[in-house]
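Working notes, beginning with the structure itself.
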Amino acid sequence: MKNIAVIVIMASVFTFSLNAATKVNFSVINTGQSASSSEGLIVSGGDWFKKRQLEHNAVLIQHEQGDLLIDTGLGRDVDNQVTAMSWFDRQLFAYTKAVPVIDQLQNQDYDFKRLKAIIPTHLHWDHVSGIEDFITFNTPVWVQKNGLETAKKHAPPAFIQSQFDDPAINWNFISLNKKNVLGFSASLDIFDDGSVILLDLSGHTHGQIGVLVNNEYLFIGDSTWSIKGVNNNVGRSGLVKWLVDLNYDQQQSDNMVEKLHQLTIQNKKLVIVPAHDEIVAATLPRYPKFLM
């Protein structure tokens, strides 16, 4: 019996070690860029003479149990979708299109049966424009219920109803548990191996989700548009805040930026990835290349 007990304990330790060491690959998929603008508009304290061109990216994560698509960027029907915005807002959020995620995947003969879920960090127009492109494949879309409820009650420019009003969308409501990860009180370990963990980053929107990959990369959605916001503990520029109200809860959003700022001080090896920062994105693998 003692030998059996030792074997069981060793097996448990071995399994834990495998889980602890599990890593996944990911790739950034660019679907377009914003019009060139001053960094001073993008982040408080930014250089007004420095031109920035933010990107509309999605992230494909590969796991043996199934792949995950974080955000969809600009979809096939984006030009028609944004007609719901005012003329002024269309100028403010002007973009140039690249190839939609669905088409980039098809061009690489991607097996859509592998796609376990689409997980929007939040439901703003530039993150979910391509959701309905995947209806043919009945791909589950994972959201926190409060995030979807909030999105359905609000108008452009932040939320565009035509992007997520098709009754055929396969919504799946997820609930984060109270397990603390990196100081965030709500989390969800998708594969139970520590490789992909969802974190509650509410503030910019109700139910915004962050995605921790390999305990090395933290995708933070639009908590800030630029990593400079995290590094300097500042939010979007005052001018942008005056022109358009994008944050669900300004105080909670400011607190989240401060929390991320402190996290970079405590964990120097953690790579924080704002969804639109083209400078950070340039350091990451671009589809069809993957992190290995």
Side-chain angles (χ1 to χ4, degrees), residues 24-32 55-81 97-152 159-176 188-193 195-199 205 207-213 219 221-222 273 275 285-288 290-291:
V24 295
N25 296 327
F26 71 83
S27 181
V28 174
I29 306 178
N30 176 253
T31 68
E55 295 185 350
H56 299 296
N57 293 326
V59 179
L60 182 64
I61 299 173
Q62 290 182 327
H63 191 281
E64 60 184 14
Q65 295 181 37
D67 297 346
L68 303 171
L69 182 65
I70 310 303
D71 290 330
T72 66
L74 307 184
R76 287 173 172 172
D77 198 35
V78 64
D79 289 343
N80 183 54
Q81 293 165 350
K97 292 187 294 183
V99 180
V101 168
I102 189 81
D103 295 326
Q104 292 194 47
L105 294 177
Q106 288 180 330
N107 290 343
Q108 294 294 321
D109 295 321
Y110 180 76
D111 180 5
F112 287 90
K113 294 177 182 178
R114 286 194 49 79
L115 192 55
K116 181 181 181 72
I118 296 171
I119 307 178
T121 55
H122 59 299
L123 296 172
H124 277 178
W125 73 274
D126 48 341
H127 292 257
V128 299
S129 173
I131 279 182
E132 295 188 0
D133 295 342
F134 289 82
I135 285 178
T136 301
F137 303 102
N138 196 36
T139 306
V141 181
W142 291 5
V143 294
Q144 295 193 79
K145 188 175 182 179
N146 58 4
L148 182 59
E149 290 174 344
T150 299
K152 288 183 174 181
F159 300 101
I160 298 178
Q161 301 301 314
S162 65
Q163 295 179 333
F164 48 81
D165 63 354
D166 194 311
I169 295 176
N170 185 8
W171 295 111
N172 281 235
F173 295 126
I174 58 173
S175 296
L176 307 188
L188 177 64
D189 188 340
I190 294 179
F191 300 108
D192 292 322
D193 60 9
S195 63
V196 184
I197 301 175
L198 305 185
L199 305 172
T205 67
Q208 176 172 251
I209 288 173
V211 186
L212 179 64
V213 178
F219 296 87
D222 283 1
V273 186
R286 298 289 190 134
Y287 191 76
F290 281 82
L291 179 76

* For Asp103, all residues meeting side-chain contact (heavy atoms from CB on, under 4.5 Å), sequence neighbours excluded -> Arg76, Val99, Pro100, Gln106
* To do: For the residue pair Gln62 and Val24, establish whether any side-chain heavy-atom pair is separated by less than 4.5 Å.
  => no
* Asked: Quick one: CD1 on Ile160 to CG on Leu123, what's the gap to the nearest 0.5 Å?
  -> 12.0 Å
* Heavy-atom donor-acceptor pair, Gln208 side chain to Gly221 backbone, under 3.5 Å -> no
* Least distance between heavy atoms, Thr72 atom then Ile131 atom -> OG1-N, 3.7 Å
* Work out which heavy atom in Leu176 is nearest to a heavy atom in Leu199; give both atom names and the distance. => CD1-C, 3.9 Å
* Shortest non-hydrogen contact from Lys116 to Ile190? -> CE-CG2, 4.4 Å
* Supply the atom-to-atom distance Glu64 CD to Asp193 CG, rounded to the nearest 0.5 angstrom. => 7.5 Å
* Can you sort out the partners of Phe134 under ring-ring contact (aromatic ring centres under 6.0 Å, His included), two or more places apart, ordered by chain and number? => none
* To do: Scan for side chain to side chain donor-acceptor pair (under 3.5 Å) pairs involving residues 141-150, sequence neighbours excluded, and state none if there are none.
  => Asn146-His206, Thr150-His206
* To do: Check whether any side-chain heavy atom of Asp165 sits under 4.5 Å from a side-chain heavy atom of Glu132, and report yes or no.
  => yes
* Asked: What distance separates Thr139 OG1 from Leu68 CG, expressed to the nearest 0.5 Å?
  -> 11.5 Å
* Run the side-chain contact (heavy atoms from CB on, under 4.5 Å) check on Val143 and Ile174 step by step: do they pass? -> CA-CA 6 Å; Val143 294; Ile174 58 173; 5.9 Å; no
* Sequence neighbours excluded, which residues qualify as ring-ring contact (aromatic ring centres under 6.0 Å, His included) partners of Phe173? -> none
* To do: Using atom types as modelled and distance alone, determine if a side-chain donor or acceptor of Thr31 lies under 3.5 Å from a backbone N or O of His56.
  => yes
* With rounding to the nearest 0.5 Å, note down the distance linking CD1 in Ile61 to CZ in Phe191. => 7.5 Å
* Sequence neighbours left out, what passes ring-ring contact (aromatic ring centres under 6.0 Å, His included) with Phe164? Give chain and number order. => none
* Asked: Does a side-chain heavy-atom distance below 4.5 Å link Phe112 with Ile102?
  -> yes
* Asked: Leu60 versus Leu105: any side-chain heavy-atom pair under 4.5 Å?
  -> yes
* Asked: Quick one: CG on Asp67 to CZ on Arg114, what's the gap to the nearest 0.5 Å?
  -> 4.0 Å
* To do: Locate the shortest heavy-atom distance separating Ile169 from Gln163; write the atom from each residue and the value.
  => CD1-O, 4.4 Å
* **Backbone N/O of Asn138 and side chain of Asn170: donor-acceptor pair under 3.5 Å** => yes
* Might you point out which heavy atoms bring Gly73 and Ser129 nearest each other, and give the distance in Å? => O-CB, 3.2 Å
* Asked: Can you find a heavy atom in the side chain of Val213 that is under 4.5 Å from one in the side chain of Val59?
  -> no
* Asked: Listed by chain and number, what are the side-chain hydrogen bond (donor to acceptor under 3.5 Å, both in side chains) partners of Gln161, not counting sequence neighbours?
  -> none
* Backbone N or O of Trp125 within a donor-acceptor pair of the Gln81 side chain at under 3.5 Å? -> no
* Asked: Phe26 and Pro285: which non-hydrogen atoms are nearest, and at how many Å?
  -> O-CG, 3.3 Å
* Asked: Is Asp222 close to Thr121 at the side-chain level, that is, under 4.5 Å between some pair of heavy atoms?
  -> no
* To do: Hey, could you give me the OG/CG distance between Ser27 and Leu69, rounded to the nearest 0.5 Å?
  => 10.5 Å
* Report yes if some heavy atom in the side chain of Leu115 is under 4.5 Å from a heavy atom in the side chain of Tyr110; otherwise report no. => yes
